[in-house]
Amino acid sequence: MATRPGPLTEWPWQWMGGYKYLVLAPVAMHTAHRLATKGWGDFDPAYTFMLPTLLLRMIHNQIWISLSRYQTARRKHLIVDRSLDFEQVDRERSWDDQIILNGLLFYLGYAIIPNFRLMPVWRTNGALITILLHMGPVEFLYYWFHRALHHHFLYSRYHSHHHASVVTEPITSVIHPFAEHLAYFLLFSISILPPIFMGCGSVLAGVLYITYIDFMNNMGHCNFELMPKWMFQTFPPLKYLIYTPSFHSLHHTQFRTNYSLFMPFYDYIYNTMDSSSDELYERSLKGTKETPDIVHLTHMTSLKSTYHLRIGITSISSKPCNDSVWYMWMLWPVAWLSMAEQLNGSGELFAKKYPRLRVRLIDGSGLATAVVLNSIPLGTKQVFLCGSNSKVTRATAIALCQRGVQVILNQEKEYGMLKSRVPESRAIYLKFSNDETPQIWIGDSIDDAQGRAPKGTIFIPTSQFPLKKARKDCTYLSNPAMKIPETMQNVHTCENWLPRRVMSAWRIAGILHALEGWEMHECGDDMMNIEKTWSAAIKHGFKPLTKPCSLNSGTDL
């Protein structure tokens with residue numbers, strides 16, 4: 001939102017939220033009616049291309065989003081090295097509003113301008129007129145309109161909304177108030193409408209022109225330099241005809257330079273080109289080679305987790321995913337190959353195969369165990385262990401026995417397996433019983449066993465997966481996770497079902513390993529010292545999601 005929002009700032013369908021695409025329903029219904037009553041023969045090229053073009057524009061923009069996030073993560077050709085945060089992601093999640101607006105206006109133009117229905121697929125003379133009109137009046141008028149938008153009256157009421165994003169993403173290019181987009185539509189119509197009225201317009205020329213606008217907008221805001229130097233060396237005047245991402249990034253950081261749309265020659269003419277444009281281009285194109293300290297080797301934990309990739313759909317990945325969603329059907333062909341501990345021993349097989357490995361493999365089990373132990377209410381004397389298949393669950397049970405907390409199991413096989421791992425002096429705290437059901441339940445099989453738990457039970461999961469069901473008369477703690485420090489930057493996606501700025505203990509452990517310079521592997525049966533790992537996490541600003549409470553003082557969890 002602009003600092004002092006002016007008239008027509010908000011989009012007319014903003015109140016509709018995710019249902020805003022219903023404004024296109026009349027267009028879709030009219031199309032379906034024409035098809036049902038008159039068949040495909042009644043469809044002229046302009047009408048046929050209308051809705052598919054909207055869809056292709058959305059796909060085009062999403063490709064740019066994914067490409068930009070991939071390249072900025074690599075950091076080699078990064079232009080502005082600042083943090084991207086959830087506030088910007090929320091502000092820019094409405095990037096598709098302008099596509100909806102254009103669809104409605106094109107449909108309106110089709111309905112009231114007869115020449116629209118007469119356009120062929122292609123006419124070269126009309127395409128040339130579109131190019132000349134863009135290079136002439138459109139670029140000129142945009143330059144001065146853009147400068148006017150930077151006057152404090154218009155800037156505070158409209159354009160400041162766009163400039164709230166200093167670190168740009170491709171979709172930043174279309175984040176403007178409604179009134180500003182109307183002005184842009186009228187401006188770009190100068191290149192589209194005259195050929196149509198002259199009778200030489202064509203459908204493909206219009207589609208290609210819109211694609212050109214989207215491409216240049218996305219490229220100029222992608223925050224990584226990709227324009228090869230040989231292009232400008234081969235044809236030097238090109239620098240007046242096409243801008244670079246670094247050229248436009250200076251407009252967002254320096255504010256009163258580099259106003260041009262896509263062709264910088266007006267900045268040269270009116271002396272508003274930033275003097276550091278060429279130097280920033282050279283530096284960004286050359287790039288810097290960085291070696292990461294930590295690499296998270298990730299895989300799908302569920303089909304929904306695919307949508308939470310950083311390079312994915314920003315409006316989805318920036319929110320926790322807890323419920324079933326309609327778009328899950330798109331991933332049904334994707335196979336889920338488990339990377340469970342049973343397949344690779346949490347990396348142990350890899351470490352044994354390459355004993356001289358110069359990197360360290362961290363499965364994060366030590367910190368995950370520490371988080372579980374510190375989530376248990378103070379004063380707990382007994383816990384029920386439901387499922388001990390995971391390394392974290394076994395380590396938690398052994399640690400509890402060593403602390404003098406009785407661990408009760410009702411599965412004889414699991415009891416026998418754990419008993420062989422618990423020190424003999426503490427084996428008395430491990431108990432097999434089918435009758436006792438303490439108030440605290442811990443384990444990786446809570447979903448299967450919670451029906452037998454008494455009312456008021458506190459469930460503490462040790463798994464990375466969320467529970468599929470929950471009872472209203474019980475308390476459920478989070479999977480092992482912690483809040484990240486406020487100083488941690490570029491965190492703008494959620495880790496699957498976890499809240500914003502919350503990270504699973506398994507991932508945090510890798511960060512701690514690098515920060516502390518620890519040299520040991522943590523995989524297979526090897527585990528970091530639990531207390532040492534927990535102390536390091538607290539020292540570096542990671543915070544527990546819950547504070548341990550006393551069982552005698554309620555369950556304020």
Side-chain angles (χ1 to χ4, degrees), residues 301 338 340-343 345-346 365-366 368-481 505 525 527 530 545-546 548-557:
T301 52
S338 174
E341 175 187 351
Q342 292 86 344
L343 292 182
S346 297
S365 54
T369 302
V371 171
V372 173
L373 291 172
N374 283 275
S375 300
I376 297 173
L378 301 175
T380 298
K381 300 299 183 184
Q382 284 185 326
V383 300
F384 181 78
L385 197 69
C386 44
S388 59
N389 296 319
S390 71
K391 182 179 177 181
V392 173
T393 308
R394 293 193 298 268
T396 302
I398 294 170
L400 288 172
C401 290
Q402 291 174 332
R403 296 180 181 187
V405 178
Q406 190 171 63
V407 178
I408 299 173
L409 298 88
N410 64 0
Q411 299 293 324
E412 191 168 354
K413 182 179 179 181
E414 294 178 356
Y415 170 76
M417 181 182 64
L418 269 178
K419 190 173 182 180
S420 64
R421 294 171 178 252
V422 176
E424 188 175 347
S425 61
R426 292 292 171 176
I428 58 172
Y429 292 104
L430 192 66
K431 184 177 181 180
F432 174 75
S433 174
N434 286 313
D435 302 321
E436 298 181 59
T437 51
Q439 190 179 358
I440 309 297
W441 284 40
I442 298 174
D444 49 29
S445 301
I446 291 175
D447 268 323
D448 301 328
Q450 62 175 308
R452 303 192 303 271
K455 182 179 179 180
T457 296
I458 299 174
F459 293 104
I460 305 176
T462 59
S463 168
Q464 299 186 38
F465 299 92
L467 298 176
K468 296 179 181 178
K469 49 190 175 182
R471 289 169 47 178
K472 294 182 179 179
D473 58 351
C474 296
T475 301
Y476 296 83
L477 272 61
S478 170
N479 302 85
D525 290 331
M527 180 181 287
I530 295 171
L545 295 181
T546 57
C549 66
S550 171
L551 287 177
N552 299 324
S553 62
T555 56
D556 186 17
L557 301 171

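FYI, the numbering just counts along the sequence from 1. For clarity, every value in this text was computed on a predicted model and none was experimentally measured.
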If I take atom [atom1] from residue [X] and atom [atom2] from residue [Y], how far apart are they, to the nearest 0.5 angstrom?
X      : Y      : atom1 : atom2 : value
Arg394 : Lys391 : CZ    : NZ    : 8.5 Å
Leu477 : Ser375 : CG    : OG    : 5.5 Å
Leu409 : Ser433 : CG    : OG    : 10.0 Å
Cys401 : Arg421 : SG    : CZ    : 13.0 Å
Asp444 : Gln464 : CG    : CD    : 11.0 Å
Lys419 : Glu424 : NZ    : CD    : 9.5 Å

Between [Y] and [X], is there a side-chain heavy-atom distance shorter than 4.5 Å?
X      : Y      : value
Phe384 : Glu436 : no
Leu385 : Leu418 : yes
Ile398 : Leu430 : no
Val383 : Pro438 : no
Ile442 : Leu400 : yes
Val422 : Val407 : no

Smallest separation among heavy atoms of [X] and [Y], with atom names:
X      : Y      : result
Asn410 : Arg452 : ND2-NH2, 3.4 Å
Val371 : Pro480 : CG1-CA, 3.8 Å
Ser390 : Thr462 : OG-OG1, 4.1 Å
Leu373 : Ala399 : CD1-CB, 3.7 Å
Gln382 : Ile408 : NE2-CD1, 3.7 Å
Ile446 : Trp441 : CD1-O, 4.4 Å

Notebook entry, point to check: Between Phe432 and Tyr415, what is the ring plane arrangement, given parallel below 30°, perpendicular above 60°, and tilted in between?
Noted result: tilted

If we ignore hydrogens and angles and just use 3.5 Å, is the side chain of [X] paired with the main-chain N or O of [Y] as donor and acceptor?
X      : Y      : answer
Gln402 : Pro423 : no
Tyr476 : Arg471 : yes
Asp447 : Leu467 : no

